[in-house]
Amino acid sequence: MDYKVHLNVFEGPLDLLLYFIKRDEINIYDIPIARITQEFLEYLEVIQTLNLRSAGEFIEMASTLMQIKAQMLIPRLADAIANQTIEDPRTALVERLLEYKKFKELSYDLAVLEEQQLPYFPRKVNSEYLGQAIPLNDVLQNVTLIHILAAFKRVLERIPETPSFHQVNEISATIATQTDFVYRHFIKCTKVSFSRLAESIKERIVLVVTFLAILDMVRRGQVKIRQSDLFEDFIIEKVE
Amino acid sequence: METESYHLAIVEALLIASELPVTQERIDDTIGEEFRINLPELVEKLNQIYTESRRSFFIMEVAGGYQIVTRKSYEELVRRYLNRSGRMRLSNAALEALAIIAYRQPIARPDIDQIRGVNSDGVLSTLLEKELIMVAGRADSPGRPLLYKTSQEFLRYFGLNSTADLPRLKELEEMLAQKPQTIQEAEKENASE
Amino acid sequence: METESYHLAIVEALLIASELPVTQERIDDTIGEEFRINLPELVEKLNQIYTESRRSFFIMEVAGGYQIVTRKSYEELVRRYLNRSGRMRLSNAALEALAIIAYRQPIARPDIDQIRGVNSDGVLSTLLEKELIMVAGRADSPGRPLLYKTSQEFLRYFGLNSTADLPRLKELEEMLAQKPQTIQEAEKENASE
């Protein structure tokens, strides 16, 4: 089956249809619907067999194709279509294909621009040590607790699940020990990023306790939290 | 002359301290009372200085402003230092969705799905995460889905000055103007199916 | 000499493009096979060049590495540029309280305090002052505390038409749930697609 090579290349049913059209140099305004439907169904079977991705969108398109095919097979309708007394049942599909094709081409243009831009690395500013007491730009704008939680969640995902379940470790971390842990980072500098804190933590549960400790410190006004954007790392700053 | 060198220094400091492209507008807004400056002119002078003194960076015009970027010749080393194994590109799916959003913004997810013929959930969250797109309110259509538009980061990422610089924008607009009904009708038909 | 100026250029490019402080260790790890360099020495030379050519930035030694920062004399201007003038900035505490009021309105102060685990008096008066929230009557609970809701100004500030346009908690959860992997992994996937 020559589809194998392309299995992961097609973004969806429209993409697949465009592939057939291009490969067979088909006139997009006069698609041989029976043949295309046959090929499409074969491909659909491959997807389903290999369970490669959700086939729902392909199934939907297959039924559209079969519907068009059926309409075109009715002799009376075929005559009417040929005489242009009723609209060609393929029209809506063709317009969808043309529109999709247009955006697909534009996406190639974007890929070219991306390629041109990749060699240039933009200036990156380290918000943790901006130095010179320059405050972070607009950091607090539109930041909510949800942003902070999102950052926490992301860090959490980086740590593998706690050991296996038969091995019950006593949790040595408490809010108090983790508050001390955070404070130890303030010896050298008054700011520390959460990801940096997390670097030395190996267990999820300890990270969770550390996060709670930080929230507790925020509540007590011992530290401030800054974050530049959703899912970004956040910075814990000691309040003097 | 003394003034100019001071203005050059200020623009340079802003470029160094800012990750977002530095714009004339924002300078005028914030420090313009003291410094009526001509940003494009100063940028050109700075770039001259950087070339002559063989600095490994230069100022690029992008996203309606200016930003410092490293020169092409250091790409490979910078990439290796930053620990990126190869050039990271957006997936085809992401580029498709971006193209649709860029040329049709603001647009809701159901409309993007309709054009692509596939669900774009995963792709949109990737684009949101990379800050290439942003939420632009809600559509009035049933369910009031969120609308998306491209961001300043989008312009920066693709090296565009504004969305007006998108390739083939004119061509596309002409196409749409020629047959506004057919496409809308097709959409309506598809939507009502 | 030619080698040295190339080394200087490389270090400079790394300093421009790296968000984290540039360290000798990381250079040795990533590009050290080709470039056996002495980072402190090169940094010193670069700083000399920057001083002589009157650049408005210099390389500062920070915890375990080096990074480019702007000179102190431009601090005030840079700060003003980066802090968009005139735009309001809210503390985390205020944002927390605001988020609670936005999603639970109308809500009384004791309930806000309970959710936040801390007294919200000061924060509420800030929000009232900035007209982001307003009084919406009194609760029926003991003591009949004042109820708060978000204002028209709140909607305007966040670009919303009505409170119904606030991102729904479910939408946020969906957004968060779609992130089973780290961004790096997702990037890898995208790159390999």
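On a predicted model such as this, the values are computed, not experimentally measured, just so you know. Proteins get letters first, then strands, A, B, ... in listed order; numbering begins at 1 in each.
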query = Rounded to the nearest 0.5 Å, how far does CG of C/Leu77 lie from CD1 of B/Ile31?
reply = 5.0 Å
task = Search all heavy atoms of B/Ala13 against all heavy atoms of C/Ser56 and return the closest pair with its distance.
result = N-OG, 3.2 Å
message = I need the C/Arg71 CZ to B/Glu12 CD distance, nearest 0.5 Å.
response = 9.0 Å
ask   = Which atom names give the shortest non-hydrogen contact between B/Ala17 and C/Val78, and what distance separates them?
value = CB-CG1, 3.4 Å
remark   = Under 4.5 Å to a heavy atom of chain C? For B/Leu46 that would be side chain
ask   = Should we say atom CZ of B/Arg168 is surrounded by more than 12 heavy atoms from elsewhere, each under 6.0 Å from it?
value = yes
message = Check this for me: C/Glu76, atom CD, are more than 12 non-hydrogen atoms of other residues, nucleotides or ligands nearer than 6.0 Å?
response = yes
query = Looking at CD1 of C/Ile16 and OH of B/Tyr74, how far apart are the two atoms once the value is rounded to the nearest 0.5 Å?
reply = 12.0 Å
query = Checking heavy atoms, do the side chain of B/Val11, its backbone, both or neither come under 4.5 Å from chain C?
reply = neither
inquiry  = Nearest 0.5 angstrom please: B/Tyr81 OH to C/Leu14 CG, how far?
reply    = 6.0 Å
request  = First locate atom CG of B/Leu82, then atom OG1 of C/Thr30, and finally report the distance between them rounded to the nearest 0.5 Å.
outcome  = 8.5 Å
task = Rounded to the nearest 0.5 Å, what's the gap from CZ on B/Arg55 to CG on C/Leu8? Could you check?
result = 8.0 Å
